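Below you'll find the structure, written out as structure tokens, and then a few comments.
Note that the structure is a prediction, hence the values are computed from the model and not measured. Letters go in sequence order (proteins before strands), and every chain restarts at 1.
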Amino acid sequence: MMLNTSEPSPKRMKFSQNGDDHYAKIKEERFKLPIRPVKHKLIQEVQRHPTVIIIGETGSGKTTQIPQYLYEAGVHRNSIIAITQPRKVAAITVSQRVALEKRSDIGDLVGYCVRFDDSTTEKTKIKYMTDGMLLRESILDPLMKRYSIVILDEAHERTIQTDVLFGVVKSAQRQRQRNGMRPLKVIVMSATMDVDHFSQYFNKAPVLYLEGRQFPIRVMFSKEEQSDYLFSSLVTLFQIHREAPAQEDILIFLTGQEEIESAVKSIKDISSTLMGNVPNMIVCPLYAALPPQQQLKVFQKTPKGCRKVIVSTNVAETSVTISGVRFVIDSGKVKAKIYNSRGGLDLMKVVNLSQAQAQQRCGRAGREAPGSCYRLYTEQQYDTFKKTTVPEIQRCNLASVVLQLVAMGIHDVINFDFMDKPSPEAIHTAVEQLKLLGALENNDEAKLTPAGKNMAAFPLDPRLSKVVLAAKDFECLEEILTIVSLLSVDSILFTPQNKREHALAVREKFMSSEGDHITLLNIYKAYKGVQGNKAWCQENFINQRNMRTAIDVRRQLREICVKQSLPFNTCGLDTASVRKCLVSGFFMNSAELQREGEYISLSTRKPVTIHPSSALFHCKPSYVIYNELVQTSKCYMRDLCVVDAAWLYDSAPSYFKKKKPTG
DNA sequence: GTCTGCCAG
């Protein structure tokens with residue numbers, strides 16, 4: 001195109017050299033982060049002390065900037081800086097951001113490492129990873145030799161993995177010092193809670209406070225106690241809806257999928273009857289099991305003149321951040337798993353939040369502008385809430401944790417340096433279970449057996465690892481890998497409430513009279529038979545996402561089996577071998593049919609019932625094993641498999657000597 | 001004849 005120079009010159013066009021503006025902007029953004037003024041102080045503290053605790057609210061920039069500061073200052077001494085995150089998405093997205101800031105490709109200087117996805121190379125010095133990943137690595141290398149700095153981020157979330165890592169990094173640090181090795185710097189980053197607790201545990205480490213970028217939030221308590229939080233949340237929602245300008249979105253915290261779906265329906269019904277000048281309402285449910293496509297709806301920008309209402313479980317507390325939210329309605333409730341180490345049974349219960357959780361929920365209203373939080377409980381009720389959430393490690397089965405610790409060479413698990421110790425009883429139960437599975441020597445030394453060493457290599461519950469190892473003897477590893485993979489992911493069965501009958505009828509063809517495990521195996525075979533066809537999944541109400549995860553897991557397990565030279569046999573249609581394998585890991589979860597037609601658990605002699613969702617619901621086999629007990633209206637066995645009394649006895653003679661099956 | 005929150009390896 002020719003420009004006619006006699007014409008008045010057009011508006012000057014601006015050019016910049018390939019991306020300079022972009023990077024200038026990134027640089028400017030980095031400079032404006034609240035953490036920037038304390039950069040030098042921070043580097044100094046880390047150089048002076050083996051451990052530093054950093055307290056900072058969201059938005060301070062600590063997660064992205066601190067590793068870069070330490071790298072630029074050379075504190076890492078040319079070895080790797082690890083930064084752990086409780087969630088995979090966080091590890092991946094943060095590392096991508098930092099790579100961008102460093103003008104480097106992901107996997108060069110900056111990389112991430114999560115299950116099924118490792119972007120790091122020998123060039124990587126800043127490595128974002130899940131806490132679970134670092135924990136698994138430390139089984140092979142308890143001194144964490146490849147790292148000079150370990151940063152444990154989001155420590156306040158107190159995941160099991162972070163809690164175990166606390167002790168592992170402390171021990172690695174001490175041992176490296178004692179052996180005159182290169183020191184291990186530890187940085188613990190947390191939100192504002194439990195500061196003294198953290199500092200005390202980490203040898204009175206210095207604490208650095210960072211300013212965050214949080215807008216003020218008006219917190220309102222209910223004046224009276226509410227008997228029905230569901231109803232109260234609807235009343236509050238429409239109260240706000242009538243008064244607040246459009247585009248100011250509302251986030252409601254409830255407890256579970258079913259509750260949320262029914263609330264969404266009520267809200268839609270009510271809003272369609274509203275008269276007068278109120279904004280249009282867009283109502284979105286949000287929970288982890290929601291198909292990804294529907295989850296995306298939550299992130300779409302609210303159209304002009306509308307208001308988005310998000311009804312969510314606690315996913316929106318930490319895992320998911322939604323822009324546009326100005327109001328939070330907090331039911332004060334959360335669904336939590338409670339584990340009973342005596343009966344070995346799980347139960348899900350709706351319980352009150354901790355104060356820390358309530359604070360976290362409030363914060364979701366002030367990410368971009370001042371906001372409000374409506375609490376559907378009184379201030380007096382709030383005062384009765386626990387200050388902090390009981391750490392997960394005190395609420396679950398510890399068999400896996402104990403096996404990992406022993407595999408790292410920590411034999412005295414009872415005296416392991418936990419920040420908050422699990423009960424001795426819970427540890428004892430785990431040790432006993434591992435002995436029964438043949439993972440630990442049957443004495444007081446807590447020493448791994450050769451089988452135990454192999455079991456620790458699998459990213460599985462020890463009972464499932466045991467099942468995999470047993471497949472060698474019963475020559476059915478292919479089938480077992482399939483079943484174990486399917487058991488270790490979220491359910492591949494997808495049963496929408498309104499099409500429940502239909503879903504069950506369609507899936508009837510996969511049902512096995514030998515139980516749920518064999519049913520799962522049938523489904524997997526059928527899925528493979530149609531090459532993972534999407535339409536087939538829809539027709540048969542199979543959750544394709546979870547099925548794909550199971551296939552990834554299977555591949556990973558297969559690789560570990562190769563390393564252990566396990567033979568890849570198949571048993572064809574002889575499912576007895578498969579069921580015998582299952583018995584070797586789950587014999588302690590067995591039940592016997594009584595004359596009256598009821599079952600009792602052989603470990604506790606307490607009555608148990610077949611869960612209505614099981615393939616065996618209408619059957620009455622004499623002996624079954626089950627994956628888990630769930631206490632609701634009754635004590636239900638879930639995921640059952642038909643077995644012979646003799647198999648039970650053969651798998652653990654000394655165990656059953658006392659509780660000999662009567663049949 | 002059920003009622004499962006969330007995350008990780």
Side-chain angles (χ1 to χ4, degrees), chain A residues 84-91 113-118 129-140 154 157-165 253-262 286-290 312-320 331 333-339 346-351 353 357 360 389 391-393 395-396 400-401 403-404 407 455-462 464-465 484-485 488-491 493-495 497 500-501 504 546 549 552-553 556-557 559-560 609-614 616-618 627-628 630-639:
Chain A
T84 67
Q85 295 292 320
R87 283 167 294 282
K88 291 204 240 186
V89 265
C113 179
V114 302
R115 192 184 195 183
F116 307 129
D117 196 359
D118 179 2
M129 60 204 301
T130 46
D131 46 17
M133 206 68 203
L134 183 60
L135 194 57
R136 282 226 81 83
E137 273 188 9
S138 53
I139 294 179
L140 299 173
E154 311 288 0
E157 288 193 28
R158 304 293 305 274
T159 66
I160 297 187
Q161 291 87 340
T162 307
D163 264 30
V164 177
L165 278 174
F253 283 104
L254 297 180
T255 67
Q257 174 175 344
E258 208 174 295
E259 186 179 271
I260 285 167
E261 291 294 355
S262 96
L286 180 65
Y287 43 87
L290 195 71
S312 174
T313 61
N314 40 341
V315 264
E317 258 171 45
T318 48
S319 310
V320 169
S331 62
K333 301 287 177 186
V334 66
K335 199 172 276 187
K337 197 173 224 167
I338 299 166
Y339 174 74
D346 282 331
L347 74 150
M348 286 299 246
K349 229 178 125 183
V350 172
V351 296
L353 299 182
Q357 254 174 316
Q360 179 76 23
T389 315
E392 208 185 348
I393 199 151
R395 289 186 281 129
C396 60
S400 210
V401 168
L403 183 62
Q404 282 179 41
M455 282 164 67
F458 289 95
L460 293 171
D461 180 290
L464 290 174
S465 315
V484 166
S485 307
S488 73
V489 301
D490 289 333
S491 178
L493 306 179
F494 161 72
T495 318
Q497 277 153 277
R500 206 178 54 89
E501 297 288 316
L504 294 181
N546 293 345
T549 311
D552 284 337
V553 172
Q556 185 187 27
L557 299 180
E559 280 165 21
I560 299 168
T609 313
I610 297 180
H611 195 275
S613 67
S614 171
L616 296 180
F617 183 59
H618 295 291
N627 260 27
E628 58 173 1
V630 179
Q631 169 87 58
T632 51
S633 56
K634 282 179 180 173
C635 195
Y636 285 106
M637 302 179 274
R638 303 195 49 172
D639 294 318

Counting heavy atoms from C-beta on, name the nucleotide in [options] closest to the side chain of [X].
X	options	value
A:Y287	B:dC6, B:dC3, B:dT2	B:dC6
A:R500	B:dG5, B:dG9, B:dT2	B:dT2
A:Q257	B:dG9, B:dC3, B:dG5	B:dG5
A:A288	B:dC7, B:dA8, B:dC3	B:dC7
A:H618	B:dG1, B:dT2, B:dC6	B:dG1
A:R87	B:dC7, B:dG9, B:dC3	B:dC7

[N] phosphate, OP1 or OP2: any side-chain N/O from [X] under 4.0 angstrom?
X	N	value
A:K88	B:dG9	yes
A:T313	B:dC6	yes
A:S400	B:dG9	no

Can you measure [X] atom [atom1] to [N] atom [atom2] for me and round it to whole angstrom units?
X	N	atom1	atom2	value
A:D131	B:dG9	CG	P	8 Å
A:M133	B:dA8	CE	P	13 Å
A:E501	B:dT2	CD	P	14 Å
A:E392	B:dG5	CD	C1'	11 Å
A:E628	B:dT2	CD	P	17 Å
A:L286	B:dC7	CG	P	10 Å
A:K349	B:dG5	NZ	P	16 Å
A:D639	B:dT2	CG	P	18 Å

Contact class for [X] vs. all strands (heavy atom < 4.0 Å): base, sugar-phosphate, or nothing?
X	answer
A:F458	nothing
A:F116	nothing
A:V350	nothing
A:T130	sugar-phosphate
A:V334	nothing
A:R115	base
A:L460	base

Is a side-chain donor or acceptor of [X] paired with a backbone partner of [Y] at a separation under 3.5 angstrom?
X	Y	result
A:N546	A:S491	yes
A:S138	A:L134	yes
A:S331	A:F253	yes

Contacts of type ring-ring contact (aromatic ring centres under 6.0 Å, His included), residue A:F458, not counting sequence neighbours
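Per chain and number, A:F458 pairs via ring-ring contact (aromatic ring centres under 6.0 Å, His included) with no residue.
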Using side chain to side chain donor-acceptor pair (under 3.5 Å) as the criterion, list what pairs up with A:E392, not counting sequence neighbours.
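Result, side chain to side chain donor-acceptor pair (under 3.5 Å) vs A:E392: none returned.
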Which is it for A:K333 and A:E259 under the salt bridge (charged side-chain N to carboxylate O under 4.0 Å, His left out) test, yes or no, and what are the steps along the way?
CA-CA 12 Å; A:K333 301 287 177 186; A:E259 186 179 271; over 6 Å; no
Tell me which of A:R395 and A:D461 sits closer to the 5' end of DNA chain B, going by the nucleotide each one is nearest to.
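First, find each residue's nearest nucleotide; the 5'-ward one identifies A:R395.
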